[in-house]
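Lettering follows sequence order; numbering is per chain, from 1.
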Amino acid sequence: MITLENVSKSYSTGAPALNNVSIQIDKGEFVFIVGDSGSGKSTFIRLLLRELLPTSGKIIVNGNDVAKLKRKQIPKFRRNIGVVFQDFRLLKDRNVYENVAFAQRVIQVSSKEIKKNVPSMLSIVGLAGKYKAKPRQLSGGEQQRVALARALVNNPPILLADEPTGNLDPKNSWEIMKLLEEINEKGTTVVVVTHNREIVNAMKKRVVTMNKGVIISDQKEGSYIDEN
Amino acid sequence: MRISTFFYTLKQGIVNIFRNKWYSLASLATITTCLLMFGVFYSVVMNFQYIVKSAEEGVAVSVYFEEGISEDRIVEIGEMILKRDEVLKADYVSATEAWETFSKDYLGEYAEGYTENPLEDCANYQVYMKDVSRQQDLVTYIESIDGVREVMQSALTANTLSGMNKLIGYVSIAIILILLAVSTFLISNTVTIGISVRKEEISIMKYIGATDFFVRSPFVIEGMIIGAVGAAIPLCVMHVLYNKVIGFVVEKFSVLSELLNFLTVEQIFATLIPVSLILGIGIGFVGSFVTVRKHIRV
């Protein structure tokens, strides 16, 4: 589902963000990518989204060679990847329903389908009763659920989550993680970039640890490795 | 594109206008100001040209014939003159008509003392021109025609009018260029501010998998609507004020009433409406299209 072969990424200044990284993530896997700031985790996500191009190496996502995608092909490529960010990135002037429906409008789903799919997805994330609320009226945990609903409403085979619990308290963090686990159990490949040691250690999933742009550990049912 | 997507995009364009009230107002004010300036300037220039043209059409070249010339030859000369591009019309004035006009204008009752027509050899053509700047060419041509005794012209009037026309042309170009530069600068700034406010929104759309067209369309529709309204406001203002201003000028400068021929509001608006709308909508379209393009590469 996701393959990186000897991928390096350098920015114009400083040391390489990724240095000769190779990894294979299979369909239906749940993977944590952990590491300190500057370890290359966010660059990893941005490369998978084709926001960045690798300096060298090959990235295959959903059967697409990311570097060979033409500009016109990128939107269609991204529609197969749900993405959740630490800062939620909701459209602040639209309500919960519109934020989720927006992802469907982008792929030109009919209004009739949207009216069916959005309430159903909001029920899954536990926000059916708050569909009229604006993001500012929601707690951090609720906003992340909306972001999750938006990421999943188009049934993408892959979900990327970049620090999804970074702005949440422990209770909300756990609830989001449980949701991610449920989604994974339904067949979606989930890749979570996180700092949250407690969650990583408790969930017993595959853990890939990065340091200074290099994968230093890749464990099945692993735990958070302290780099110091 | 699905019909529902089209209406969604249209709705988003309209909603965006109200969602970003201050940006919309700033853009609207910019376009309105520029197009009001354009409308006022356009009206002034068009009226100036109309006044000059009317004055030009009143300038005649008089063509007198040699003694004993036949009626047929006079008709032939008239046809030769009318064939020239720069000639608007050529009115034939017979010796009798010339004497009647002269005696009426200058002699009054004293004309009754004359038993014969002193202007027997003064039958002539009054030639009116479309383009007074070509008067000298025409005069040279007419002087070369057999049967023409004398050609009388007013070189000073012709030169003054054609000089004024040129001046208006140069000033028009200069002012239009300045207006375009100022409006492009102002609109580019307001659009940039508006887009930077929504940079995050654009990046979210792109992460979700929106095409450039889908991202850009609401912004472009928003720009075009603001442009259309920005054109409509100065048109309404101009329509209300035009006749009042013309009335005021005519009243204040009644001494020049014979010279001051103004275009009607309908004549001005026949061109001003389409031009303003095209400019307004065009500025809105280009401004939003180009500026969104800068932020769309996520």
Side-chain angles (χ1 to χ4, degrees), chain A residues 45-46 48-53 62 69-85 87-95 98-115 134-135 146-147 149-156 158-162, chain B residues 1-27 193-223 225-226 288-290 292-298:
Chain A
I45 292 279
R46 292 174 74 190
L48 295 185
L49 278 170
R50 177 50 170 86
E51 191 186 337
L52 298 173
L53 280 169
N62 273 331
L69 284 174
K70 289 180 182 151
R71 193 171 150 68
K72 275 189 175 176
Q73 295 172 309
I74 296 172
K76 206 172 176 187
F77 165 77
R78 286 182 180 162
R79 289 171 195 177
N80 287 312
I81 304 172
V83 58
V84 175
F85 298 96
D87 55 359
F88 322 131
R89 298 200 190 172
L90 300 176
L91 299 170
K92 294 179 183 67
D93 49 11
R94 289 174 220 191
N95 63 27
E98 275 305 320
N99 264 284
V100 179
F102 183 72
Q104 296 243 285
R105 294 210 161 91
V106 162
I107 60 166
Q108 302 197 27
V109 173
S110 71
S111 300
K112 199 178 159 189
E113 284 288 303
I114 293 174
K115 280 177 189 161
K134 290 276 173 68
V146 179
R150 183 181 67 189
L152 295 169
V153 71
N154 293 338
N155 294 316
I158 298 172
L159 178 70
L160 304 179
D162 190 3
Chain B
M1 185 195 267
R2 276 175 179 272
I3 293 175
S4 60
T5 307
F6 171 77
F7 282 112
Y8 172 76
T9 306
L10 186 65
K11 186 182 159 195
Q12 283 309 309
I14 295 166
V15 168
N16 276 352
I17 293 172
F18 295 100
R19 196 179 278 153
N20 306 285
K21 283 189 274 297
W22 294 112
Y23 155 69
S24 303
L25 276 174
S27 305
I193 293 163
I195 295 291
S196 66
V197 169
R198 282 179 278 173
K199 204 174 169 182
E200 195 186 349
E201 186 178 329
I202 293 174
S203 77
I204 293 168
M205 290 185 190
K206 296 291 288 182
Y207 281 127
I208 291 173
T211 58
D212 289 355
F213 179 80
F214 188 89
V215 174
R216 190 184 278 147
S217 297
F219 289 99
V220 171
I221 287 172
E222 179 187 350
I225 292 173
I226 289 175
S288 49
F289 189 92
V290 171
V292 176
R293 201 170 129 169
K294 283 185 197 166
H295 297 279
I296 219 165
R297 294 188 176 272
V298 177

Legend entry - chain B contacts, top residue of A/Ser111, A/Ser110, A/Ala103 (heavy-atom pairs, under 4.5 Å): A/Ser110
Inset, instruction - Counting only heavy atoms closer than 4.5 Å, note whether A/Phe85 contacts chain B via side chain, backbone, both or neither. - result: side chain
Inset, instruction - Nearest 0.5 Å please: distance from the CZ atom of A/Arg46 over to the OH atom of B/Tyr207. - result: 6.0 Å
Inset, instruction - Find the one option among A/Arg79, A/Lys72, A/Arg105 whose heavy-atom pairs under 4.5 Å with chain B are most numerous. - result: A/Arg105
Legend entry - Side chain / backbone / both / neither for A/Leu90 at chain B, heavy atoms under 4.5 Å: backbone
Legend entry - Atom group of A/Arg94 that falls short of 4.5 Å from chain B, counting heavy atoms: side chain
Legend entry - Top contributor to chain B interface from A/Leu52, A/Val83, A/Val106, A/Ile81 [non-hydrogen pairs under 4.5 Å]: A/Val106
Legend entry - From A/Arg78 atom CZ to B/Thr211 atom OG1, the distance as rounded to the nearest 0.5 Å: 12.0 Å
Inset, instruction - Please report the shortest heavy-atom distance between B/Gly209 and A/Pro75, naming the atom on each side. - result: O-CB, 3.2 Å
Legend entry - Point-to-point distance, once rounded to the nearest 0.5 Å, from NZ of A/Lys92 to CD1 of B/Ile204: 6.5 Å
